[in-house]
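In what follows, residues are counted from 1 in the order of the sequence shown. All values reported here derive from a predicted model rather than from experimental measurement.
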Amino acid sequence: MKPGLFASAAGAVALLLGACDKQGSASSSPATTDETAAFTAAADALAAKLNTGGPRPDDPAVKAFEAQAERGLRTLDSGALPLRGYESYDALCGKTAMIVAAYINLGVDKAPAASRTEVMIRNAEKYRDQMFAPTLFSAHCSAAHLPFLEKAAGADMAGKATALQQARMGAYGQVLGLLQMAGDPTLDEPRRRRAIEQLAGDAANFAIILSQAQRQELAAMTDAVRAGLPDRDRPTADRIKASLAAAPCGRFCQM
């Protein structure tokens with residue numbers, strides 16, 4: 001994994017929300033559901049726990065948010081957990097990306113500058129299991145919102161250039177993170193399969209925000225990961241490449 005890319009995904013949410021006009025998004029979106037409220041409450045509880053240090057895997061706040069993230073993978077963009085434009089992008093994708101970044105950054109601020117990357121790498125390894133479900137949900141949530149963001153960005157791309165470029169790097173990092181999990185021999189096969197299948201389902205949406213050069217880089221990385229996959233999972237990797245190649249190149253892609 002490249003842990004800094006998870007942090008960039010969290011920062012991209014905050015920057016993009018600040019740069020884009022959210023007027024009217026609340027009034028035209030469905031009311032917040034009980035499932036959304038439960039998700040955000042669990043995310044806030046885990047974020048509070050992470051502010052005090054690294055929680056144990058069996059901590060109630062960890063287990064509660066893992067359960068919400070797993071359920072969210074099944075219910076996002078449904079009546080239970082609807083997409084509500086910028087609101088859900090912030091409340092669901094933003095909170096989850098920031099939780100993953102919080103795991104990665106535990107203790108980094110107290111470490112000497114020269115060793116901070118090492119601390120992040122150790123955190124990624126130590127908390128890998130706890131981050132698995134939130135990482136999958138964060139990536140899926142971002143991908144689900146990208147068609148909306150493509151439409152909402154409007155013609156004023158230049159005025160939002162910094163936020164949109166960071167959003168692009170966040171999306172690139174999430175795709176890369178899923179590919180790395182799929183190719184990680186230290187992960188068990190069911191989780192590797194979940195990562196590659198999740199990416200195959202979301203690749204077309206991710207491609208909306210990626211430049212042609214980034215698409216080509218990720219396609220090459222997909223080939224490298226494919227070589228180490230079991231035969232049954234190689235067609236899934238082929239679907240990722242096909243989706244990256246076939247997705248239209250809109251305003252984000254051409255930026």
Side-chain angles (χ1 to χ4, degrees), residues 1 5-13 16-17 33 35-36 38-40 42-43 46 64-101 103-104 128-150 167-184 187 190-210 214-215 218 221-222 225 233 236-237 239-240 242-244 247 252:
M1 288 186 179
L5 292 174
F6 288 114
S8 74
V13 173
L16 190 55
L17 286 168
T33 64
E35 185 77 8
T36 301
F39 186 101
T40 55
L46 180 53
F65 188 67
E66 284 179 348
Q68 288 292 335
E70 288 283 1
R71 186 155 52 245
L73 285 167
R74 300 189 301 272
T75 61
L76 186 66
D77 199 14
S78 71
L81 204 63
L83 302 186
R84 296 174 293 117
Y86 292 116
E87 289 181 40
S88 54
Y89 187 56
D90 187 20
L92 303 177
C93 312
K95 285 181 183 290
T96 312
M98 289 175 186
I99 282 170
V100 175
Y103 273 115
I104 292 293
R128 181 183 60 186
D129 290 347
Q130 289 164 233
M131 293 193 307
F132 185 79
T135 298
L136 282 186
F137 179 83
S138 179
H140 179 53
C141 186
S142 295
H145 284 80
L146 288 177
F148 160 77
L149 294 178
E150 165 77 9
R168 171 180 284 174
M169 284 307 300
Y172 176 87
Q174 288 177 316
V175 175
L176 180 59
L178 292 177
L179 282 173
Q180 288 173 330
M181 286 194 294
D184 184 353
L187 274 181
R191 284 189 293 179
R192 294 177 67 190
R193 179 168 297 118
R194 284 194 66 195
I196 199 83
E197 288 176 348
Q198 187 68 60
L199 182 53
D202 288 334
N205 280 1
F206 272 122
I208 290 171
I209 202 171
L210 299 174
Q214 286 174 319
R215 295 185 193 195
L218 291 170
M221 292 176 194
T222 302
V225 169
D233 294 330
T236 308
R239 285 169 50 206
I240 295 170
S243 293
L244 290 171
F252 270 125

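- Remark: Q214 CD to I209 CD1 distance equals 9.0 Å, nearest 0.5 Å.
- Here the straight-line distance linking atom CZ of R194 with atom CG of L178 works out to 11.0 Å at 0.5 Å rounding.
- For the residue pair L76 and L92, the shortest heavy atom distance occurs at CD1-CD1, 3.9 Å.
- Contact annotation: the side chain of L83 never approaches that of F148 to less than 4.5 Å [non-hydrogen atoms, C-beta and beyond].
- Nearest heavy-atom pair across M181 and A195 is CB-CB, 4.0 Å.
- In this structure, L210 CG and Y172 OH are separated by 9.0 Å, a value rounded to the nearest 0.5 Å.
- Not counting sequence neighbours, the partners of R191 by the salt bridge (charged side-chain N to carboxylate O under 4.0 Å, His left out) test are D129, D188.
- Listed here is the closest heavy atom pair of C93 and H145: SG-ND1, 3.4 Å.
- A pairwise comparison of heavy atoms in A42 and F65 identifies C-CD1, 3.8 Å as the closest pair.
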List the steps, then state whether side chain to side chain contact (heavy atoms under 4.5 Å, CB included) holds for V225 with T222.
CA-CA 5 Å; V225 169; T222 302; 5.8 Å; no
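- Proximity of a side-chain donor or acceptor of T96 to a complementary backbone N or O of P134 within less than 3.5 Å is not detected.
- The OH atom of Y89 sits 5.5 Å away from the CG atom of L149 when rounded to the nearest 0.5 Å.
- Two residues are said to be in side-chain contact when any heavy atoms from C-beta on lie closer than 4.5 Å; F206 and L244 fail this criterion.
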Given side chain to side chain contact (heavy atoms under 4.5 Å, CB included), test L73 with Q198 step by step and report yes or no.
CA-CA 9 Å; L73 285 167; Q198 187 68 60; 3.6 Å; yes
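- Distance check, rounded to the nearest 0.5 Å: CD1 of I196 to CD1 of I240 gives 3.5 Å.
- Across every non-hydrogen atom of G72 and L81, the tightest pair is CA-CD2, 3.8 Å.
- Side-chain contact between R128 and L187: present, with at least one pair of heavy atoms (C-beta onward) separated by less than 4.5 Å.
- Classified by interplanar angle (parallel below 30°, tilted 30° to 60°, perpendicular above 60°), the ring pair F39/F137 is tilted.
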Carefully, step by step, assess M131 and I104 under the rule side chain to side chain contact (heavy atoms under 4.5 Å, CB included).
CA-CA 9 Å; M131 293 193 307; I104 292 293; 3.8 Å; yes
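- A distance-only check finds no donor-acceptor pair linking the side chain of R193 to the backbone of D233 [under 3.5 Å].
- The two atoms that bring A182 and R192 nearest to each other are O-NE, 2.8 Å, heavy atoms only.
- Distance check: I208 CD1 to L146 CG gives 6.0 Å after rounding to the nearest 0.5 Å.
- For R71, the side chain to side chain contact (heavy atoms under 4.5 Å, CB included) test picks out E35, Q68, R74, T75, with sequence neighbours left out.
- Annotation: side chain of E87 is not in contact with side chain of T36 (no heavy-atom distance under 4.5 Å).
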